[in-house]
Amino acid sequence: MSRKLQPGKLIAATHNKGKVAELKDLFEPLGFEVVSAAELNLDEPEETELTFEGNALIKARSAARATGAPALSDDSGLEVTALGGMPGVHTAIWAGEPRDFYLAMEKVERELNAIEAEDRSARFVSCLAVAWPDGHEETFRGEVCGTLTWPPRGEMGFGYDPVFVPEGHQVTFAELEPQQKHAMSHRAVAFDKLKKALL
Ligand code: IMP
């Protein structure tokens with residue numbers, strides 16, 4: 001049974017500034033005070049699961065326990081069809097640590113070239129998880145399909161945005177104004193489902 005999320009303090013269980021900005025854009029107009037895990041100096045738990053849902057729950061659970069407030073997390077990534085869905089849950093560290101998204105985008109491109117892939121389709125997946133301090137939890141999944149382009153284009157957004165052209169568009173996510181991206185992103189799709197269930 002879904003539980004309603006009452007407007008008030010909501011912990012964004014992420015240290016990723018791009019995600020925090022997107023989550024603030026989505027939740028603050030609805031009366032939530034979004035405070036990020038980075039602002040609260042919370043530890044980043046290890047993401048040990050093999051699914052987006054599992055890893056999103058690890059992050060939300062840990063932030064809700066540490067703060068005593070409901071926490072929201074996003075676990076997301078890029079699934080490339082010709083690479084069998086990789087990098088998937090490994091998207092954030094695809095080129096190793098420290099994270100360098102230019103190197104990660106280049107690695108995806110190199111792997112597509114190595115198999116002479118004609119299919120350049122890919123999708124971004126987002127799983128939003130909400131955890132309450134008493135242990136109640138819910139997850140919502142959103143996806144956006146598109147194709148990969150090379151070289152990277154655009155200065156906005158974050159992560160793999162400069163190589164991702166969403167279906168029905170000619171420009172990359174990084175060439176769209178943030179509001180345009182936020183209206184159609186995988187996170188927005190997951191957020192619409194969350195809104196219907198929890199708000
Ligand atoms: P995680 O959810 O923290 O494991 O990281 C997901 C990774 O996927 C991020 O670090 C980004 O590289 C990538 N990613 C997720 N959402 C987006 C997006 O909207 N644009 C570009 N890259 C994204």
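Whatever order the structure lists them in is the order used to number ligands and atoms, beginning at 1.
Of all the heavy atoms of F124, the ones lying under 4.0 Å from any atom of ligand 1 belong exclusively to the side chain. At a heavy-atom distance under 4.0 Å, no atom of M105 approaches ligand 1.
Taking every heavy atom of F101 and a limit of under 4.0 angstrom, the matching atoms of ligand 1 come to 10 (O), 12 (O). Those atoms of ligand 1 that come under 4.0 Å of a heavy atom in K59, given as number and element, are 1 (P), 2 (O), 3 (O). Set against the non-hydrogen atoms of D75, the atoms of ligand 1 under 4.0 Å away are 1 (P), 2 (O), 4 (O). Every atom of ligand 1 with a heavy atom of K181 under 4.0 Å away is listed here by number and element: 18 (C), 19 (O), 20 (N).
A side-chain N or O of S121 and one of D119 form a donor-acceptor pair less than 3.5 Å apart. Looking only at atom types and distance, the side chain of E167 has no donor-acceptor partner in the side chain of H169 under 3.5 Å away.
Of all protein heavy atoms, the one closest to atom 16 (N) of ligand 1 is H186 NE2, 3.1 Å. Nearest protein heavy-atom neighbour of atom 5 (O) of ligand 1: A92 CB, 3.5 Å. For atom 6 (C) of ligand 1, the nearest protein heavy atom (residue, atom name, distance) is S76 O, 2.8 Å. Closest to atom 20 (N) of ligand 1, if we only count protein heavy atoms, is D161 OD1, 2.6 Å. T91 CG2, 3.6 Å is the protein heavy atom nearest to atom 13 (C) of ligand 1.
Salt bridge status for R120 with E109: present, with a side-chain N to carboxylate O gap under 4.0 Å. A salt bridge links K24 to E39: at least one charged side-chain nitrogen sits closer than 4.0 Å to a carboxylate oxygen.
Looking at W94, Y160, F52 and measuring to atom 22 (N) of ligand 1, the nearest heavy atom belongs to Y160. For atom 1 (P) of ligand 1, the nearest non-hydrogen atom from the set H15, R99, E22, K19 belongs to K19.
Residue G77 places a heavy atom less than 4.0 Å from ligand 1. Contact annotation: L78 has no heavy atom less than 4.0 Å from any atom of ligand 1. F173 does not count as a contact of ligand 1, since none of its heavy atoms falls under 4.0 Å from the ligand.
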### Query
Run the side chain to side chain donor-acceptor pair (under 3.5 Å) check on N16 and T14 step by step: do they pass?
CA-CA 5 Å; N16 178 323; T14 176; 5.3 Å; no

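Taken to the nearest 0.5 Å, the CZ atom of R187 stands 13.5 Å off from the CG atom of L194.
Q179 pairs by the side-chain hydrogen bond (donor to acceptor under 3.5 Å, both in side chains) definition with D25, not counting sequence neighbours. Scanning for side-chain hydrogen bond (donor to acceptor under 3.5 Å, both in side chains) contacts around E143 gives R123, R141, with sequence neighbours left out.
When all heavy atoms of F164 and L78 are compared, the closest pair comes out as CD1-CD1, 4.1 Å.
Between the side chain of E137 and the backbone N or O of L57, no donor-acceptor pair lies under 3.5 Å.
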